[in-house]
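Contents: one structure, followed by commentary.
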2 protein chains.
Amino acid sequence: MPATIRDVARLAGVSPSTVSRALSLPDVVNPATRARVRAAAEQLGYEPNRAARGLITGRTGNIGLVVPDLANPFFPSVVKGVQARARLHDVAVFLADTDEDAAAEAGLVRALAKQVDGLILCSPRATEEELAAVARETNVVLVNRLVEGVPAVTFDNEGGMRQAIAHLVALGHRRIAWVGGPKASWSSAHRIIGLYAAARDHGVKLVDVGDFAPTYEGGMAAADQVVATGATAVVAYNDLIAIGLLARLHTRGISVPGDLSVVGIDGIAMARMSRPALTTVRLPKQKAGEIAVELLLAVLDDPDPDTIIATRGKLHGELIVRDSTGVAPDPARP
Amino acid sequence: MPATIRDVARLAGVSPSTVSRALSLPDVVNPATRARVRAAAEQLGYEPNRAARGLITGRTGNIGLVVPDLANPFFPSVVKGVQARARLHDVAVFLADTDEDAAAEAGLVRALAKQVDGLILCSPRATEEELAAVARETNVVLVNRLVEGVPAVTFDNEGGMRQAIAHLVALGHRRIAWVGGPKASWSSAHRIIGLYAAARDHGVKLVDVGDFAPTYEGGMAAADQVVATGATAVVAYNDLIAIGLLARLHTRGISVPGDLSVVGIDGIAMARMSRPALTTVRLPKQKAGEIAVELLLAVLDDPDPDTIIATRGKLHGELIVRDSTGVAPDPARP
DNA sequence: GCTGAGTTTGCAATCGGTTGCACTCTTGTG
DNA sequence: CACAAGAGTGCAACCGATTGCAAACTCAGC
């Protein structure tokens with residue numbers, strides 16, 4: 001039912017090839033013809049059939065986006081960024097959610113790969129080898145993960161942790177606990193590195209209470225161990241864990257920030273709404289999605305390996321101080 | 001680079017047409033040949049090219065999903081449901097977020113429509129006429145919206161409101177405020193109808209404080225008006241608004257549920273995490289996404305108008321009682 | 001042994017675009 | 001004025017599948 005290139009050609013009195021050129025290579029056709037073709041296309045509401053074009057060009061005009069779990073508010077933000085930027089470039093986005101399942105992730109990636117020009121993998125849980133393998137056969141951009149030779153946009157974890165520690169140290173904290181995220185999480189591993197570096201520089205003690213699910217429940221589970229460390233402040237892998245901590249601490253009657261200061265990471269909307277409002281390192285999530293699209297599109301246009309390797313984005317976080325952090329309790333008091 | 005149907009044909013010693021049939025119409029080809037073809041396809045890792053198939057069949061194997069705002073936790077849940085179910089049927093999902101902009105919505109829908117077999121529109125902000133028009137030229141399933149002659153999956157708003165009111169009445173509340181959502185929201189309009197009906201049945205007074213943005217800020221903005229009504233309980237259009245109410249009420253030193261009980265709607269994860277934990281009507285959001293996919297696929301398989309009109313799903317919500325509701329304050333007390 | 005029905009398979013057209021090549025028609029140059 | 005270069009356009013092949021139609025083959029029945 002929709003108009004084809006032949007309909008336009010007939011109406012404009014030219015051949016289909018001229019229509020094709022008038023629309024996609026404007027400078028090789030006579031301005032007068034071009035205008036005539038454009039008018040005909042307009043009148044018929046002609047839009048090239050993507051499948052047909054894709055068949056010959058090998059390009060689908062689609063990109064795939066894979067995230068571990070949409071229920072974690074971190075990811076919808078990234079998705080929004082990808083969405084918005086892709087639309088600007090007239091590229092459609094296939095979305096897939098792996099439910100934090102590394103096996104499902106691999107299958108999904110392979111299935112998606114065949115239907116798109118490139119993939120954006122956000123916080124993938126797969127191993128480096130698997131990712132490198134995928135990147136070899138498909139155009140891939142990683143978000144929040146770094147693998148040798150694969151374009152990526154990451155967050156400056158070290159810088160973020162440095163800000164958090166500096167803030168806590170300024171408030172007088174000298175013993176700080178760390179609640180880690182999933183073992184397979186690249187960013188968890190890198191945050192702890194930044195944290196230790198910052199702690200060393202400031203001469204404060206860091207206590208690692210282990211790895212937890214990056215969820216509210218994970219935070220609830222971690223809370224008692226945090227308290228047992230005797231730390232006066234805690235940094236959590238993400239805001240969801242931090243909010244879980246807040247809840248359990250409240251239940252136990254431990255005052256935040258009176259007895260214990262809590263810092264999250266991510267800067268999800270919910271952090272503002274918790275009680276007390278959560279001090280956090282806000283990551284430019286949406287921006288990350290936007291840049292990932294730009295990177296991917298750049299790679300598609302110029303698949304030169306050297307360019308690809310240089311294609312990197314590193315985004316800086318920003319410490320947002322709210323009510324969950326305060327001066328360290330006087331050690332003499334109890 | 002990937003194997004084509006011709007490669008498989010050559011390896012199996014048959015013609016491409018036989019390969020096509022062996023793979024998609026198994027019973028019209030000789031079992032022996034079929035096995036040979038299957039083996040060859042397997043060996044080559046052959047997967048039919050979707051663009052090529054789409055060109056001839058007119059089917060893309062893709063569906064589109066349009067939501068107003070991924071930042072509202074309601075929608076990621078629906079998206080997850082759609083996702084999961086679509087994958088089961090080997091259908092890919094295009095996602096678009098309109099940023100709550102009705103104009104953008106129209107454009108997006110039209111753009112998406114050409115690349116997919118059908119669309120799922122979740123809580124669309126467009127007018128009935130626009131939606132009916134879209135439904136006439138594309139296969140559409142609505143979620144959380146009802147338009148004459150268009151398949152839809154909705155929530156039982158009346159029933160949900162009835163449960164909420166019954167709960168509040170049992171707690172002794174006799175004057176209940178309602179904080180509405182966006183004017184263009186179909187569900188807001190229908191929730192208020194259910195609310196009034198339930199209030200009448202129970203002989204309690206309902207006070208409408210007006211329409212607000214379906215956000216935390218919207219709830220903060222509504223709080224003072226709620227207090228001014230003198231109501232002892234308030235029902236909010238959604239959980240986000242309810243959580244905003246909680247925050248502002250806390251700031252003003254108004255106790256929840258001591259002075260005022262608060263009920264939300266949606267049952268987002270965040271509701272459990274608020275302080276006090278929010279009593280809410282939990283809607284089966286993910287289920288709605290799953291059913292929407294089933295409905296859409298059914299419509300695609302059988303585009304008979306009579307079937308289409310009968311294609312409806314209505315999901316029931318469930319009252320989750322938490323700490324934000326309690327017995328009405330003694331009127332004599334102040 | 002021949003005919004006809006029923007199976008199984010291949011040929012070739014087709015979907016809707018894009019693009020290499022060749023052809024026509026200007027226009028500029030010697 | 002002839003000729004070459006260049007611009008503009010059309011022809012036809014092609015991308016990778018599906019499918020109507022016809023050919024080839026099998027097999028039963030007479």
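To find a chain, count down the sequence lines: A is the first, B the second, and so on, and within it residues start at 1. These figures come from a predicted structure and were not determined experimentally.
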List in chain and number order the residues that pass salt bridge (Lys or Arg N to Asp or Glu O under 4.0 Å) with [X], two or more places apart in sequence or in another chain; answer none if no residue qualifies.
X: A:R110; answer: none
X: B:K80; answer: A:D69, A:D97, A:D99
X: B:E294; answer: B:R85
X: A:K114; answer: B:E47

> For DNA chain D, which nucleotides open and close the run of contacts to chain A, 5' to 3', at under 4.0 angstrom from a non-hydrogen atom?
Replying inline: D:dG8 to D:dG16

What residues, two or more places apart in sequence or in another chain, satisfy side-chain contact (heavy atoms from CB on, under 4.5 Å) together with [X]?
X: B:S185; answer: B:R125, B:P182, B:S187, B:S188, B:Y237
X: A:N62; answer: A:R50, A:T60, A:A92, A:F94, A:V116, B:F94, B:Q115
X: B:P26; answer: B:R34, B:R38
X: A:V134; answer: A:V109, A:T138, A:V140

> So which pairs with a foot in residues 29-80 of chain B pass ring-ring contact (aromatic ring centres under 6.0 Å, His included), sequence neighbours left out?
Replying inline: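 Non-adjacent pairs meeting ring-ring contact (aromatic ring centres under 6.0 Å, His included): zero.
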
> How is A:R50 classified with respect to the nucleic acid when contacts are heavy atoms under 4.0 Å: base, sugar-phosphate, or nothing?
Replying inline: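 The answer is nothing, as A:R50 stays clear of every strand by at least 4.0 Å.
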
> Contact class for A:V19 (heavy atom, under 4.0 Å): base, sugar-phosphate, or nothing?
Replying inline: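 No contact.
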
> Earliest and latest nucleotide of DNA chain C, 5' to 3', sitting under 4.0 Å from a non-hydrogen atom of chain A?
Replying inline: C:dG16 to C:dG20

> Between B:L55 and A:T18, which is nearer to the 5' end of DNA chain C once each is assigned its nearest nucleotide?
Replying inline: B:L55

>> Go nucleotide by nucleotide along DNA chain D from the 5' end; which of B:A52 and B:S17 gets its closest nucleotide reached first?
In response: B:A52

>> Tell me which residues in residues 21-35 of chain A lie within less than 4.0 Å of DNA chain C, going by non-hydrogen atoms.
In response: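 Within this stretch, A:R21 sit under 4.0 Å of the strand.
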
> Could you go step by step and tell me if A:T154 and A:L315 meet the side chain to side chain contact (heavy atoms under 4.5 Å, CB included) rule?
Replying inline: CA-CA 6 Å; A:T154 55; A:L315 269 23; over 6 Å; no

